[in-house]
Student: 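Next up is a structure, given as C-alpha cells.
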Number of protein chains: 2
Amino acid sequence: MPSIRDVAAAAGVSYQTVSRVLNDSPRVRPDTRAAVRAAIETLGFHPNRAARALGLGRAPGITVVTSNTMLYGYASTLQGIEEAARTEGMAVGVRVVESDSPAEIKQTVDYVNDPSAGGLVVIAFDPAGTAVLEALPADIPAIAATEPVAPDTGRVTIALDERGAAADATEHLLALGHRTVHHVAIPSEGRSSGRQAGWRDALSRAGAEIPEVVASGWDIRAAYLAGQRLAGDPDVTAVLCGNDDIAQGVRRALYDAGRDVPGDVSIVGFDDIPGSAFWIPALTTVRMDFVGLGRACFLAAVAELTGQPRPETELTPPRLIVRESTAPPRHG
Amino acid sequence: MPSIRDVAAAAGVSYQTVSRVLNDSPRVRPDTRAAVRAAIETLGFHPNRAARALGLGRAPGITVVTSNTMLYGYASTLQGIEEAARTEGMAVGVRVVESDSPAEIKQTVDYVNDPSAGGLVVIAFDPAGTAVLEALPADIPAIAATEPVAPDTGRVTIALDERGAAADATEHLLALGHRTVHHVAIPSEGRSSGRQAGWRDALSRAGAEIPEVVASGWDIRAAYLAGQRLAGDPDVTAVLCGNDDIAQGVRRALYDAGRDVPGDVSIVGFDDIPGSAFWIPALTTVRMDFVGLGRACFLAAVAELTGQPRPETELTPPRLIVRESTAPPRHG
DNA sequence: CTGGTGATAGATACCGCTATGTACCGGACA
DNA sequence: TGTCCGGTACATAGCGGTATCTATCACCAG
C-alpha cells in the first residue's frame with residue numbers, strides 16, 4: 001500500500017504537501033496540486049483511515065448505537081444513515097446495546113468513547129438507547145434519533161413527529177363509527193410517546209372513552225397474546241397497534257378467535273413495513289420515513305463532528321395510509 | 001483520555017510494559033502485571049483503536065460487505081456477525097454495495113482495502129457480493145458467506161446447505177399429491193443455486209415435469225406480478241417461493257385471483273421470517289439459520305485475520321417447517 | 001537597492017500504540 | 001569467584017497521517 005511519502009516522491013514534493021492536497025488546503029499552487037493528484041491516481045493511493053483518525057484525534061466516520069438491527073424502524077434508520085454515509089465516503093460502524101443494564105451501558109459507552117468511533121448516532125427509541133445517551137461523556141459528538149418526547153439529555157435530538165399521525169389514525173377509526181379505539185403498545189412506547197399521546201389526543205377530543213393500554217413485547221408472539229385478550233372482549237371493535245408486527249400478531253389472534261378483520265374488528269398498524277400492503281386484508285397503517293430520519297441524523301452527526309452549524313433538514317412527516325383493514329363496525 | 005503512558009506512570013513502569021500487559025505477553029512478572037491492571041482500572045483506561053490499528057498494521061475488527069441490510073437473510077447474517085463480534089469486544093463496520101457495476105465495486109474495494117477495515121465478511125448471496133469477492137486483493141483477509149455453489153474465488157467460503165431442504169419442501173408438496181411444483185425465484189438465485197437445485201432434484205427424482213422458473217425481483221410487488229402469472233394458470237397447484245417475501249406477494253396475487261391457499265394452491269416459502277407463523281394461513285417454509293451463518297463467518301474471519309487455523313463450526317442445517325399453507329390439491 | 005509581505009512548500013513534532021533491540025537483574029554452573 | 005543465561009523491563013524506532021512552525025522566493029513599495 002502506497003503512503004503519502006510514496007506519493008510525495010512520485011510527485012517530487014514533500015509529503016506534507018500531499019497532506020495539504022488531501023485536505024483541500026488552499027495553500028498549494030494549482031500545478032503542484034495537479035501533479036500530486038496525478039501521482040495519487042497512478043499509484044492508486046488511498047489514505048489510511050486509522051492514521052488519519054490518529055492524527056485528527058477523531059475518526060471521520062459514524063458509529064450507530066442501537067438496541068436492535070432487525071426491527072423495521074431501527075433497521076430502516078440504520079439504512080438511511082448508511083446510505084448517507086456512503087455517498088460521503090464515510091465509514092459506518094454498528095454497536096448494539098441490547099438492554100439498559102448498567103454493565104452493558106458501561107461497555108457500550110467505553111466502546112464508543114474512542115476517537116476511532118468517530119461521531120455517534122444513537123437510536124434512542126427505547127430505554128437502552130436513552131440510557132446510553134445519558135451515560136455518554138459530554139465531549140463526545142453524538143446525535144440522537146428519538147421518540148419526540150425523549151427525556152432531555154442535552155443532546156441534539158431528531159425525531160419523527162408521529163403524534164399527529166397517531167391522532168389521524170384514531171380519528172379515522174372514530175369517523176368510521178367506532179365508539180372507541182383500543183391500543184396495543186410496543187415496549188419502547190412511553191405513556192407520553194408520540195403514538196400514545198396522539199391516540200389519547202384524538203380520543204379525548206372526541207369525548208370517547210380511553211381504554212387501558214395493552215402492553216406487548218416486540219415479539220409477534222407477545223402481540224398474539226395481547227390480541228387474544230382483546231379478542232375476548234366483544235366491546236373491542238377497533239385497535240391501533242404500536243407497529244405492523246404487533247398488528248400481525250393481533251390480527252392472527254382475532255382470526256383464531258373467529259373475529260373477522262375488518263368485519264368485526266378494524267386494525268391499524270404503524271410503520272408501513274414492506275409487506276403490509278399485501279396482507280389479507282391489506283393493512284391500514286402509518287407510513288414512517290425512517291430512512292429520512294437516518295439521513296438527517298447522519299448529517300447532524302457530521303456537523304457535530306466537524307463543529308459546523310447543524311444543517312436544517314426536512315423530515316417527511318408520518319402519514320396515515322388507509323387500506324383494507326379498517327371499516328365501519330358491524331352494528332354501525 | 002488516559003494513554004498507556006499515563007497508566008505506566010501510575011503503575012511505576014514504562015509504557016512498553018503496559019503494552020505487553022494489554023497484549024497478554026508472557027514476559028511480564030505477575031505482580032507487575034497486577035500493578036498495571038490496577039492502574040488501568042483506576043484510570044479507566046481504554047486503548048485507542050486507531051492507534052492500535054496503526055501499530056498493528058491492521059485493525060482488530062470486522063467489516064461486513066453486503067448488498068442490503070433490510071432483507072431478512074442479509075440482516076440476520078449481519079446480526080449474527082455483530083453479536084459474535086460484540087462478545088469478543090470487536091468493532092464491526094458495515095459497507096453496502098448496491099450493484100455489481102464496475103464503479104461501485106471499485107469504490108467498495110478501495111474502501112475495504114484499508115487496514116482499519118480489519119477483517120472482512122462478504123455476504124455474497126448475489127452478484128454484487130460475488131463481484132466484490134473477485135475484485136478483492138488476495139492479501140486482504142476475507143471470508144465469504146455464500147450460496148453453496150458460489151463461483152470459486154479462492155476464498156474461504158461458508159454456506160448454508162439449502163439444497164436438501166429445498167428438495168424436502170418440494171417432496172412434501174409432491175407427497176401431498178401435487179403433480180408438480182412451480183418455482184418463483186429470487187434475484188440472487190442462479191440456476192444451480194441450492195434452492196433451485198434442490199427443487200430440480202426432487203422433481204426429477206419423482207419423474208415430475210419441471211416447469212419453467214418464474215423470476216421475481218426482491219420487491220414484494222414483483223412477486224405479486226409473478227404470482228399473477230401463476231394464478232392465471234389452472235395447472236398451478238403448488239408453488240415453492242424463493243423466500244417468504246415472495247410467498248407473500250404470490251399469496252396475495254392468488255387471493256386477488258380468487259384462488260384459495262391452500263385449497264386451490266399450496267405455497268411454501270424460504271427463510272421463516274418472524275411473521276410467517278402468524279400469516280393466514282401460516283406459511284410452510286424452510287427455516288434458515290442465518291444468525292449461525294453470521295457467527296461462523298465472524299469466527300472464520302477472525303481466524304483469517306490473526307492467521308490462526310480456521311475453526312470448525314457446526315451450522316444448523318435448513319429445515320422444512322410445515323404449517324398451514326400446504327395441503328393436498330383439490331382434485332388430488 | 002533594501003526591507004516587508006504574501007504565497008508556497010519543507011521541517012519538525014506529535015497522535016497512541018506495537019515490535020524489537022538492548023540493558024539489567026539474580027541464580028546456576030564451572 | 002567469575003561467567004553465562006534466562007527472565008524481565010526499558011529504550012528506540014516505526015505505523016501513516018495532521019498541524020504548525022519555519023524557510024524560501026518573487027514581488028512590491030519606500
Side-chain angles (χ1 to χ4, degrees), chain A residues 1-37 39-40 43-61 89 91 110 113-118 305-307, chain B residues 1-37 39-40 43-61 89 91 110 113-118 305-307:
Chain A
M1 292 254 67
S3 81
I4 53 170
R5 330 231 170 200
D6 300 316
V7 173
V13 299
S14 72
Y15 68 87
Q16 299 86 341
T17 300
V18 176
S19 174
R20 284 209 181 81
V21 171
L22 288 176
N23 293 287
D24 291 317
S25 158
R27 330 191 127 258
V28 180
R29 222 188 310 141
D31 56 332
T32 309
R33 182 186 307 276
V36 171
R37 287 254 164 76
I40 288 177
L43 268 63
F45 165 83
H46 289 279
N48 178 312
R49 288 197 293 274
R52 198 154 226 247
L54 229 205
L56 239 30
R58 194 153 267 280
D110 284 348
N113 188 9
D114 178 301
S116 73
L305 185 62
T306 58
Chain B
M1 291 254 71
S3 79
I4 53 170
R5 331 228 170 201
D6 301 317
V7 173
V13 298
S14 73
Y15 68 85
Q16 299 86 341
T17 299
V18 176
S19 174
R20 285 217 178 72
V21 172
L22 288 177
N23 294 287
D24 291 316
S25 159
R27 327 192 129 256
V28 180
R29 221 187 311 141
D31 55 332
T32 309
R33 183 184 305 277
V36 171
R37 287 254 163 76
I40 288 177
L43 267 64
F45 165 82
H46 289 278
N48 178 313
R49 287 197 295 274
R52 194 155 228 242
L54 231 204
L56 237 31
R58 195 152 265 283
D110 284 348
N113 187 8
D114 179 300
S116 72
L305 185 62
T306 58

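Proteins come first, then strands; the chains are lettered A, B, ... in the order of their sequence lines, and each starts at number 1. All values derive from a computational prediction rather than experimental measurement.
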Student: Specify the residue among A:R29 and A:R5 whose closest nucleotide of DNA chain C lies further upstream toward the 5′ end.
Tutor: A:R29

Student: Is B:P47 touching bases, backbone alone, or none of the nucleic acid, heavy atoms closer than 4.0 Å?
Tutor: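 The residue B:P47 makes sugar-phosphate contact but no base contact.
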
Student: Taking only the side-chain heavy atoms of B:Q16 (C-beta and beyond), determine which of D:dG16, D:dC10, D:dT18 contains the nearest atom.
Tutor: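 Taking heavy atoms from C-beta onward, the closest nucleotide is D:dC10.
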
Student: I'd like to know if the side chain of A:R33 and the backbone of A:S25 have a donor-acceptor N/O pair within less than 3.5 Å.
Tutor: yes

Student: Please pick, from D:dT8, C:dC15, D:dG17, the nucleotide with the shortest atom-to-atom distance to any side-chain atom of B:R27.
Tutor: D:dT8

Student: When the nearest nucleotide of DNA chain D is assigned to B:G55 and to B:V13 on a heavy-atom basis, which residue is associated with the more 5' position?
Tutor: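 Upstream on the strand: B:V13.
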
Student: Check the phosphate of C:dT8 against A:T32, side-chain N and O only, distance under 4.0 Å to OP1 or OP2. Yes or no?
Tutor: no

Student: Looking at A:D110 and B:R49, is any side-chain nitrogen of the basic one under 4.0 Å from a carboxylate oxygen of the acidic one?
Tutor: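 A salt bridge is absent here (no side-chain N lies under 4.0 Å from a carboxylate O).
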
Student: Using a cut-off of 4.0 Å on non-hydrogen atoms, how would the nucleic acid contact of B:V18 be classed: base, sugar-phosphate, or nothing?
Tutor: nothing

Student: What's the closest nucleotide to the A:R20 side chain, out of D:dC10, C:dA9, C:dG16?
Tutor: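 Of the options given, the side chain of A:R20 lies nearest C:dA9.
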
Student: Tell me whether A:D114 contacts the main-chain N or O of A:S116 through its side chain, where contact means a donor paired with an acceptor under 3.5 Å.
Tutor: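 Yes; at least one donor-acceptor contact below 3.5 Å.
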
Student: Once you apply a heavy-atom cut-off of 4.0 Å, does B:L56 come out as touching a base, just sugar-phosphate, or nothing?
Tutor: sugar-phosphate

Student: Of the options B:L22, B:V21, B:I4, which is the one that meets B:V36 in a side chain to side chain contact (heavy atoms under 4.5 Å, CB included)?
Tutor: B:V21

Student: Quick one: label A:R52 by what it contacts on the DNA or RNA (base, sugar-phosphate, nothing), any heavy atom closer than 4.0 Å.
Tutor: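 If one applies the 4.0 Å heavy-atom cut-off, A:R52 turns out to touch the sugar-phosphate alone, with no base involved.
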
Student: From the options C:dC17, C:dG10, D:dA9, select the nucleotide whose nearest atom is closest to the side chain of B:V28.
Tutor: D:dA9

Student: Would you state whether a donor and an acceptor, one from the side chain of A:R49 and one from the base of D:dG17, lie under 3.5 Å apart?
Tutor: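 There is none.
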
